[in-house]
Amino acid sequence: TASDQTIVDGFTRLSANGDPRGTLWLARLHFKGVCGLKANTAMGQAMAAPVIDEVRKMAEDGDAEAQFLIGVCHHEGLVVDLDPVLAGKWYLKAVEKDQLLTFGNLAELMASGSGMPADIGAARKILKRGAALGSVRAKR
């Protein structure tokens with residue numbers, strides 16, 4: 001429910017304070033052209049490149065938001081190769097920790113069979129669980 005500017009400002013502050021997740025979020029916003037930012041894939045890639053290894057390490061150490069972000073990078077091709085198998089792997093880890101943004105992305109891969117066998121029933125279960133936990137995308 002936050003405004004686009006509030007979201008951008010929040011991630012900008014996190015990035016300025018040295019949080020690589022904030023930088024990767026900003027990179028993704030530029031890469032996709034969301035939250036009022038014009039799509040600029042080159043800028044997104046350039047912003048993500050210096051922090052991807054640090055965020056990956058955080059993901060490997062169990063940080064659910066970092067797991068989501070690494071999954072997204074593989075899902076969207078942000079600073080790494082498109083790889084739906086790796087995206088699904090990271091999304092599964094984040095969902096196990098109830099990272100709310102992940103439920104819709106994982107269900108999308110499950111329903112489409114991208115990187116894993118297509119399973120509409122499993123996708124529905126993931127969406128129901130995410131919706132029950134408060135995921136806006138899962139509710140939609």
Side-chain angles (χ1 to χ4, degrees):
T1 60
S3 72
D4 288 348
Q5 191 60 55
T6 298
I7 292 167
V8 171
D9 290 348
F11 289 134
T12 300
R13 277 192 303 278
L14 286 171
S15 180
N17 288 328
D19 188 329
R21 294 168 301 184
T23 303
L24 195 53
W25 270 110
L26 281 175
R28 182 173 182 242
L29 298 180
H30 284 285
F31 183 75
K32 292 184 63 101
V34 294
C35 286
L37 300 176
K38 191 173 183 178
N40 186 333
T41 56
M43 176 185 254
Q45 297 284 18
M47 289 177 72
V51 297
I52 190 70
D53 290 337
E54 192 173 354
V55 176
R56 184 179 291 109
K57 173 75 171 104
M58 294 170 82
E60 290 166 353
D61 289 343
D63 183 286
E65 184 176 1
Q67 290 168 341
F68 166 75
L69 286 166
I70 295 298
V72 163
C73 287
H74 285 291
H75 193 171
E76 299 173 350
L78 175 58
V79 86
V80 296
D81 291 334
L82 281 169
D83 189 334
V85 173
L86 281 176
K89 171 191 161 191
W90 287 110
Y91 287 160
L92 282 168
K93 289 178 181 290
V95 160
E96 288 171 1
K97 294 184 176 83
D98 295 335
Q99 204 290 339
L100 293 181
L101 296 173
T102 312
F103 287 89
N105 292 40
L106 179 59
E108 177 185 322
L109 291 181
M110 290 175 147
S112 68
S114 182
M116 59 188 63
D119 189 338
I120 297 295
R124 284 188 181 125
K125 285 180 184 176
I126 287 292
L127 289 173
K128 284 181 184 179
R129 183 168 153 231
L133 291 168
S135 169
V136 173
R137 182 170 179 214
K139 287 179 185 178
R140 278 188 273 149

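Because the structure is predicted, anything quoted here is derived from the model rather than measured.
- Leu69 and Val80 fall within a single hydrophobic cluster, where Ile, Leu, Val, Met, Phe, Trp and Tyr are joined by side-chain heavy atoms under 4.5 Å apart, directly or via other members.
- Here salt bridge (charged side-chain N to carboxylate O under 4.0 Å, His left out) pairs that include residues 130-140, with residues two or more places apart or in two chains, are Glu108-Arg137.
- Atom CZ of Phe11 is separated from atom CG of Leu24 by 10.0 Å, given to the nearest 0.5 angstrom.
- Annotation: side chain to side chain donor-acceptor pair (under 3.5 Å) contacts involving residues 120-135, sequence neighbours excluded, comprise Asp98-Arg129.
- Counting only residues at least two apart or in different chains, ring-ring contact (aromatic ring centres under 6.0 Å, His included) contacts with residues 115-140 are absent.
- Not counting sequence neighbours, the partners of Ser114 by the side-chain contact (heavy atoms from CB on, under 4.5 Å) test are Pro84, Leu109, Ser112.
- Gln45 places a side-chain N or O within 3.5 Å of a backbone atom of Val79 that can act as its donor or acceptor partner.
- A distance of 11.0 Å separates CD of Glu65 from CD1 of Ile70, quoted to the nearest 0.5 Å.
- When atom types are taken as modelled, the side chain of Asp81 and the backbone of Asp83 share no donor-acceptor pair closer than 3.5 angstrom.
- Scanning all heavy atoms of the two residues, the minimum distance from Ala123 to Ala107 falls at CB-O, 3.5 Å.
- Contact of the Tyr91 side chain with the His75 side chain is registered, since non-hydrogen atoms from C-beta on lie closer than 4.5 Å.
- Note: the hydrophobic cluster containing Val34 also contains Leu100 (ILVMFWY, side chain heavy atoms under 4.5 Å, direct or indirect links).
- Taking both residues in full, the closest heavy atoms of Thr23 and Ser15 are given as OG1-OG, 2.6 Å, listed atom of the first, atom of the second, then distance.
- Here Asp9 contributes atom CG and Leu14 contributes atom CG; the two are 11.0 Å apart, rounded to the nearest 0.5 Å.
- Using a cut-off of 4.0 Å between Lys/Arg side-chain N and Asp/Glu carboxylate O, Asp61 and Lys57 are scored as salt-bridged.
- Across all non-hydrogen atoms, the minimal contact from Ala111 to Ala118 is O-CB, 4.0 Å.
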inquiry  = Test ring-ring contact (aromatic ring centres under 6.0 Å, His included) on Phe68 and Trp25; report intermediate values, then the result.
reply    = CA-CA 11 Å; Phe68 166 75; Trp25 270 110; 5.7 Å; yes
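- Lys97 pairs by the salt bridge (charged side-chain N to carboxylate O under 4.0 Å, His left out) definition with nothing, not counting sequence neighbours.
- With sequence neighbours left out, the salt bridge (charged side-chain N to carboxylate O under 4.0 Å, His left out) criterion links Arg21 to Asp19, Asp63.
- Leu127 is not connected to Leu106 by any chain of hydrophobic side-chain contacts under 4.5 Å among Ile, Leu, Val, Met, Phe, Trp and Tyr, and they are in different clusters.
- Annotation for Trp90 and Ala59: closest pair CZ3-CB, 3.5 Å, computed over non-hydrogen atoms.
- Residues Val85 and Gly115 share a closest heavy-atom pair of CG2-O, 3.6 Å.
- Taking CG from Leu26 and CE from Met43, the interatomic distance works out to 9.5 Å, rounded to the nearest 0.5 Å.
- Residues Met58 and Pro20 come closest through the heavy atom pair SD-CG, 3.7 Å.
- Atom CG of Asn105 is separated from atom CD1 of Ile126 by 11.5 Å, given to the nearest 0.5 angstrom.
- The main-chain N or O of Leu78 is never found under 3.5 Å from a side-chain atom of Glu76 such that the two would form a donor-acceptor pair.
- One distance of note links CG of Leu92 with CD of Gln67; it measures 10.5 Å at 0.5 Å rounding.
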